[in-house]
Protein chains: 2
Amino acid sequence: MSLTNKTKYALLGVLSLSPMSGYDIKKFSDISISHFWNENYARIYPVLKEMEKEGLVTKITTRTAGRPDRNIYSITGKGLEELNEWLRQPIQYRPPREELLLKLFFSPNVPVENLMEKIRAEKEKYQKLIKEFKRIEIMITTDKKTKSQKGLPLWLTTLNFGKCHGEAVIKWCNQTLKTLETMK
Amino acid sequence: MSLTNKTKYALLGVLSLSPMSGYDIKKFSDISISHFWNENYARIYPVLKEMEKEGLVTKITTRTAGRPDRNIYSITGKGLEELNEWLRQPIQYRPPREELLLKLFFSPNVPVENLMEKIRAEKEKYQKLIKEFKRIEIMITTDKKTKSQKGLPLWLTTLNFGKCHGEAVIKWCNQTLKTLETMK
DNA sequence: GCGCCCATGTAACTAGTTACATGATTCA
DNA sequence: TGAATCATGTAACTAGTTACATGGGCGC
C-alpha cells in the first residue's frame, strides 16, 4: 500500500459506488467530483490496469454491435479494504500553488487596471461556480436516484465547502478591488 | 517564452526584489510566499542555471573564508521584461486536488468519529494559520524594512486572502461537525 | 459532410518530490 | 558531542498533461 498514488484511490472510490468502464469513470467524475478532484484518461487507463494486476478490481469485457468494446471494472473485497484503509488515514496536504497570489505579490509595477481585471475575473468565476453548486444541490436532493443514497449528506458537505470557499473568495475580491481603487 | 514553467517566474519575482543566491531565494520564499507558493532546492538550482543560459539572470560567485561559495544571481533587463510579461497574463488555473473532499465524498462507510477527527484537524490547522497571518501582518507593517516598501499593499492583500479563506474553512468545519454529529 | 460521441489506449513530455552527497562552522 | 546552519548540487523517482491514433455511429 503506497498511499501516494491518489489516482488509484479516486478510482477505487468511484468503483465502490458501481462497476464502470474507464470511460464511465471519467464521465462520472467529471459531473460529481471534478470541482475538487480531476482525473484524465491518460492516468485512468494505466492505473486501472495496475489495479487489476494487484487484485483490487476485476475486468469484464462487453461487446455491443457497432460500438467499441467496453472494459467494465468491478471493485474486489481487497480493493474495498484498501480504499477504506486509505479513507481512514489523515489527509496529506500538498504544497500550495496559487498563481493569482504569486502574481499579485510581485506586481507592484503592473498597471492597477490589469490587476483589477484579474480580480474581476476571479470574482466572476466564483459567482458562476456558486450558481453551479446551487444547481447541483437542487439536482441531487431532488433526483430519485441520488436523494436516498447513503452518501448524500457527505456529498452535500462537499458542495457546502464550495459555497463557503466561493463566498470567501468573492468577499476577498470585493475588498481587494476597493484597495486597488485607492492605488490608482 | 513558455509561460508554463512557473518556477521560473517565481524565481524571477524574488530576484526582482533583490539579487540573491539560490539558498537565499529558498529562505526568502519560505518566509514570504510559502503560504501560497512553494519551491524547493531541487527545482531552484537547475532553473537558475537555465535562466542564466537564457540571459534572464547573471551570476557572480563570492567567496568567504570558511564558508561555501555563494552564487549570487541578479535579474537582467530581459529577465524583468519576461517577468512583467508573465505578470500581465491571465491566471492559468490548475485542476484542483482536495484530498479532504475526495475522502469525505467516498466515506459513507467510514466511522463518523474518524471523519470528525479529520474536520477538527482541518479547523485547528486554519486557526493556527490565521494567527500566523496576523503575526506576519503586524510584522510587515511595523518593520522598518518592509513597511515603506512599494509592494506592501499587495502583500497585505495576499495575507487577507489567507484570512478570508481560513475563516471560510473554519465556518465550513463548524457546519460540517454539526452535520456529522447528527449522523452518529 | 462535419463534428461530436463512444471507447481504449500510448508516447512524449513537463513538473515536482525525495533522497543523497559534501564539508566547514556555530551553537547548545 | 551532536544538531543545525551555510551552500550547492545530482539522481532517481512519481505525478500529471498534451497530443496523438483508431474507427464506427449519429445528429444537424
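So that the names make sense, note that chain A is the first sequence line, chain B the second, and so on, each numbered from 1. Because the structure is predicted, anything quoted here is derived from the model rather than measured.
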Participant: How many Å lie between CD on B/E99 and P on D/dA15, as a whole number?
Facilitator: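 Those two atoms, CD and P, are 12 Å apart.
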Participant: Is any side-chain nitrogen or oxygen of B/N71 closer than 4.0 Å to OP1 or OP2 of D/dG9?
Facilitator: yes
Participant: Rounded to whole Å, how long is the line connecting atom NZ of A/K27 with atom C1' of C/dT8?
Facilitator: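 It works out to 15 Å between those atoms.
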Participant: Output yes when at least one side-chain N/O atom of B/R94 is less than 4.0 Å from OP1 or OP2 of C/dT14, else no.
Facilitator: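 It does not, given that no N or O in the side chain of B/R94 lies less than 4.0 Å from OP1 or OP2 of C/dT14.
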Participant: Taking atom P of C/dA19 as reference, at what distance in whole Å does atom CG of B/N40 sit?
Facilitator: 12 Å
Participant: From the options C/dT14, D/dG16, C/dA7, select the nucleotide whose nearest atom is closest to the side chain of B/T4.
Facilitator: C/dT14
Participant: So does B/I31 get a backbone contact from the side chain of B/S34, meaning a donor-acceptor N/O pair under 3.5 Å?
Facilitator: no
Participant: For the CZ atom on A/R63, are there more than 12 heavy atoms of other groups (residues, nucleotides or ligands in this structure) within a distance under 6.0 Å?
Facilitator: no
Participant: Where the side chain of B/T76 meets the backbone of B/L56, is there a donor-acceptor pair that is under 3.5 Å apart?
Facilitator: yes
Participant: Report the residue (B/S21 or B/P95) whose heavy-atom-nearest nucleotide on DNA chain D is the more 5′ of the two.
Facilitator: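 First, find each residue's nearest nucleotide; the 5'-ward one identifies B/S21.
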Participant: For the pair made of CD in B/Q92 and C1' in D/dG16, what is the distance, rounded to whole Å?
Facilitator: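 It works out to 15 Å between those atoms.
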Participant: Are any side-chain N or O atoms of A/K59 and backbone N or O atoms of A/L48, one a donor and one an acceptor, separated by less than 3.5 Å?
Facilitator: no
Participant: Calculate the interatomic distance between A/D24 atom CG and C/dG9 atom P; express it in whole Å.
Facilitator: 13 Å
Participant: Atom CD1 of A/I25 and atom C1' of C/dT8: how far apart are they, to the nearest Å?
Facilitator: 13 Å
Participant: Quick check on D/dT8: is either OP1 or OP2 less than 4.0 Å from any side-chain nitrogen or oxygen of B/Y23?
Facilitator: no
Participant: Let me know the distance between CZ of A/R63 and C1' of C/dT8, rounded to the nearest Å.
Facilitator: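 The answer, rounded to whole Å, is 13 Å.
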Participant: With no hydrogens and no angle check, just 3.5 Å: does a side-chain donor-acceptor pair link A/N174 and A/K178?
Facilitator: no
Participant: When you check the gap from the basic side-chain N to the acidic O, do B/E39 and A/R97 get nearer than 4.0 Å?
Facilitator: yes
Participant: Would you say the side chains of A/N160 and A/T157 form a donor-acceptor pair under 3.5 Å?
Facilitator: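 There is no such pair (donor and acceptor under 3.5 Å, judged by atom type) between the side chains of A/N160 and A/T157.
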Participant: When the distance from CZ of A/R43 to P of C/dG9 is rounded to whole Å, what number comes out?
Facilitator: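 The answer, rounded to whole Å, is 16 Å.
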Participant: Is B/E113 salt-bridged to B/R120, cutoff N-O under 4.0 Å?
Facilitator: yes
Participant: Can you figure out which of C/dT17, C/dG9, C/dA7 approaches the side chain of B/N38 most closely?
Facilitator: C/dT17
Participant: Would you find a donor on one side and an acceptor on the other, under 3.5 Å apart, between the side chain of A/K163 and the backbone of A/K134?
Facilitator: no
Participant: Report the nucleotide, chosen from C/dT17, C/dT8, D/dG16, that has the shortest atom-to-atom distance to any side-chain atom of A/R70.
Facilitator: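 My answer, after comparing the listed nucleotides, is C/dT8.
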Participant: Where along nucleotides 20-28 of chain C does protein come under 4.0 Å, by heavy atom, of base (B) or sugar-phosphate alone (S), with - for untouched nucleotides?
Facilitator: ---B-S---
Participant: Quickly, which of A/I119, A/N114, A/V112 forms a side chain to side chain contact (heavy atoms under 4.5 Å, CB included) with A/M116? Name it, please.
Facilitator: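 It is A/V112; the other options fail the test.
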Participant: Between the protein and nucleotides 10-12 of chain D, are there any N/O to N/O pairs under 3.5 Å, and if so, what are the atom names and distances?
Facilitator:
residue : atom : partner : partner atom : Å
D/dT10  : OP1  : B/K49   : NZ           : 3.4

